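This report refers to the structure that appears directly beneath it.
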Amino acid sequence: MKNLEFPIFKTKIDSSKKFDLTDFDQRQEYFELKAGKEIKELREYLKENTFIAYLLGKKNSGKGTYAKMFKEVVDKDKIEHFSIGDMIRELDKVLKDKSKKKELISSLEKNYRGFLPLEEIIKSLEKRSTKTLLPSELILALVKKEIAGRGKKAVFIDGFPREMDQISYSLFFRDLVGYRDDPDVFVLIDVPEAVIDERIKYRMICPLCQASRNLKLLPTEEIGYDKKEKKFYLICDDSVCGDPDCKGERMVQKEGDELGIEPIRERLETDEKLIKQAFSLYGIPKVLLRNSVPIDKAKDLVDDYEITPEYSYQKDKKSEEIKKNEKPWQVLDDNGVPCYSLMPPPVVVSLIKQVTKVLGI
Ligand SMILES: [Zn+2]
């Protein structure tokens, strides 16, 4: 983030072991080695206790990925990852179902307090006219309902606060949902905009199963080459999505993705303001995560396999065979410092250790 330095977290340890962090089993072994003690302590804590963590990071910074991985590693049954974006998308479906809609409205009539009449909000929701204009008071009532329906668990909230006025709501949120005595914490995530930009620019989607990969950062096993367009592309298969029909399906770029972060610049600016505001809050503990490491410090702080690789491709003129080249991915961070971008697992190691510390266990 511009003019805001997050501390760099050391995950390098004295061990010659190497892991493929894209592999599920190896990843579990990795976490055991790097944060085994804290994972055990957290599991013990979660038997009787909960916490609420607000994830604050720019759009496409990987908030959901980190929370889901934390949940996967620590305790699938005692932790919820709760995305406001998903909840609002789900609302569309609920409103189309007569009985579900009735149930929703009667629950909101009990819980909603705000400046706009409920009927008006529901009407505009049905017209799908105002995704961004959903009042904070309605979001609060909806989140309360959702959380109540899931039993008492530790929750990562993703997408709230989303606007500046919601920061003050979040300070009292745990009282509102009946978590009064449980700790709450802000998890602030710093990812360079250059990282977000390339994640979007090189993203490819399977038209059949909608699986998403990245030509530069997360390729599929098989790569194709379009002679007419002189472009390489990814090929979906059932190891990507589990769908046997996807064998050999050519993945495509979504229209607009070639523009990278340009279309979401305004959103990113709001997100940055939110993070900076939360950063300066008193009285609520903060976990600071960063996904980049300055290149000149990387050797002492992270293991090589924790750095995200970037891929490029070459086609042999004679055999037509496509060769994959791999090297550490370099970007400039928002302050212009050359950095490596980290894979999600080392960021999650940092999350696990910092959450353990904040909870005082
Ligand atoms: Zn597919």
Side-chain angles (χ1 to χ4, degrees), residues 1-6 8-9 21-22 54-69 81 83-86 132 156 158-163 186-205 210-219 234 251 253-279 287-295 298 302 306-312 327-348 350-351:
M1 232 154 316
K2 259 180 230 113
N3 307 319
L4 189 62
E5 282 275 322
F6 277 37
I8 307 169
F9 195 86
L21 295 180
T22 60
Y54 303 95
L55 296 164
L56 274 176
K58 290 183 183 170
K59 192 177 166 70
N60 282 312
S61 61
K63 295 189 292 273
T65 308
Y66 298 140
K68 281 180 201 153
M69 205 172 270
H81 166 246
S83 151
I84 307 289
D86 290 350
T132 46
F156 281 95
D158 179 346
F160 177 85
R162 190 175 191 272
E163 303 296 337
F186 273 98
V187 177
L188 309 182
I189 303 166
D190 181 22
V191 173
E193 287 193 352
V195 168
I196 301 175
D197 190 50
E198 300 208 351
R199 280 185 188 156
I200 300 173
K201 271 189 185 147
Y202 295 96
R203 181 161 61 189
M204 290 192 123
I205 312 277
Q210 311 302 319
S212 166
R213 287 292 181 112
N214 192 296
L215 186 65
K216 182 169 173 176
L217 307 167
L218 188 61
L234 300 178
M251 294 178 113
Q253 188 175 41
K254 218 168 53 181
E255 214 188 305
D257 274 1
E258 72 282 357
L259 300 170
I261 56 172
E262 279 323 309
I264 56 166
R265 192 160 279 292
E266 219 175 307
R267 180 70 241 164
L268 295 180
E269 274 165 26
T270 307
D271 289 341
E272 180 155 326
K273 268 193 219 148
L274 278 168
I275 296 167
K276 287 186 168 162
Q277 187 77 36
F279 189 86
V287 162
L288 304 177
L289 300 178
R290 61 181 278 167
N291 114 313
S292 62
V293 184
I295 289 175
V302 295
E306 294 178 315
I307 296 170
T308 305
E310 74 162 89
Y311 296 88
S312 58
K327 63 172 189 188
W329 182 27
Q330 289 187 20
V331 288
L332 290 180
D333 75 7
D334 297 346
N335 296 307
V337 179
C339 280
Y340 289 133
S341 174
L342 297 175
M343 305 275 286
V347 181
V348 174
S350 164
L351 176 62

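Numbers here simply count residues along the sequence, with the first being 1. Keep in mind that what you see is a predicted model, and the values were worked out from it rather than measured.
- For the residue pair Pro328 and Tyr340, the shortest heavy atom distance occurs at CB-CE2, 3.6 Å.
- Atom NZ of Lys59 is surrounded by 12 or fewer heavy atoms from other residues, nucleotides or ligands within 6.0 Å.
- Atom CG of Leu342 sits about 6.5 Å away from atom OG1 of Thr308, to the nearest 0.5 Å.
- Ion pair Asp334/Lys58 flagged as a salt bridge, since at least one NZ, NE, NH1 or NH2 atom sits closer than 4.0 Å to an Asp/Glu carboxylate oxygen.
- Distance check, rounded to the nearest 0.5 Å: CG of Leu289 to CD1 of Ile189 gives 5.5 Å.
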Does His81 form a side chain to side chain contact (heavy atoms under 4.5 Å, CB included) with Met69? I'd like the steps, not just the answer.
CA-CA 10 Å; His81 166 246; Met69 205 172 270; over 6 Å; no
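- Under a 3.5 Å cut-off, the side chain of Lys63 and the backbone N or O of Asp158 do not form any donor-acceptor pair.
- The number of heavy-atom neighbours closer than 6.0 Å to CD of Glu255, taken from other residues, nucleotides and ligands shown, is 12 or below.
- Residue-environment remark: CD (Glu266) stays at or below the threshold of 12 foreign heavy atoms within 6.0 Å.
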Taking it one step at a time, do Ile264 and Asn60 satisfy side chain to side chain contact (heavy atoms under 4.5 Å, CB included)?
CA-CA 10 Å; Ile264 56 166; Asn60 282 312; 4.2 Å; yes
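- The pair Glu272-Lys2 does not meet the salt-bridge criterion, since no charged nitrogen lies less than 4.0 angstrom from a carboxylate oxygen.
- Annotation: the span from Glu306 atom CD to Met343 atom CE amounts to 9.5 Å, rounded to 0.5 Å.
- No side-chain donor-acceptor contact under 3.5 Å links Asn291 to the backbone of Ser341.
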Please lay out, stage by stage, how Leu288 and Phe279 fare under the test side chain to side chain contact (heavy atoms under 4.5 Å, CB included).
CA-CA 9 Å; Leu288 304 177; Phe279 189 86; 3.8 Å; yes
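- Once rounded to the nearest 0.5 Å, the distance linking OG of Ser312 with NZ of Lys216 reads 9.0 Å.
- When all heavy atoms are compared, the tightest approach of Thr270 to Arg162 is CG2-O, 4.2 Å.
- In this structure, Arg213 contributes its side chain and Pro219 its backbone to a donor-acceptor pair below 3.5 Å.
- Note that CG of Leu56 is 12.5 Å distant from CG of Asp190, once rounded to the nearest 0.5 Å.
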Report the C-alpha distance between Lys201 and Glu198 in whole Å, list the side-chain angles of each, state the deciding distance to 0.1 Å, and finish with yes or no for salt bridge (Lys or Arg N to Asp or Glu O under 4.0 Å).
CA-CA 5 Å; Lys201 271 189 185 147; Glu198 300 208 351; over 6 Å; no
Check step by step if side chain to side chain contact (heavy atoms under 4.5 Å, CB included) holds for Arg290 and Glu5.
CA-CA 9 Å; Arg290 61 181 278 167; Glu5 282 275 322; 3.9 Å; yes
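- The NZ atom of Lys276 sits 12.5 Å away from atom CG of Leu188, with the distance rounded to the nearest 0.5 Å.
- Shortest non-hydrogen contact noted between Met1 and Asn335 is O-ND2, 3.2 Å.
- Nearest heavy atoms, Ala298 versus Val293: CA-CG1, 3.8 Å.
- Using a 4.5 Å heavy-atom threshold, the side chains of Ser350 and Tyr66 count as separate.
- Across every non-hydrogen atom of Asn214 and Arg199, the tightest pair is ND2-O, 3.1 Å.
- Residues Val337 and Pro294 come closest through the heavy atom pair CG1-CB, 4.2 Å.
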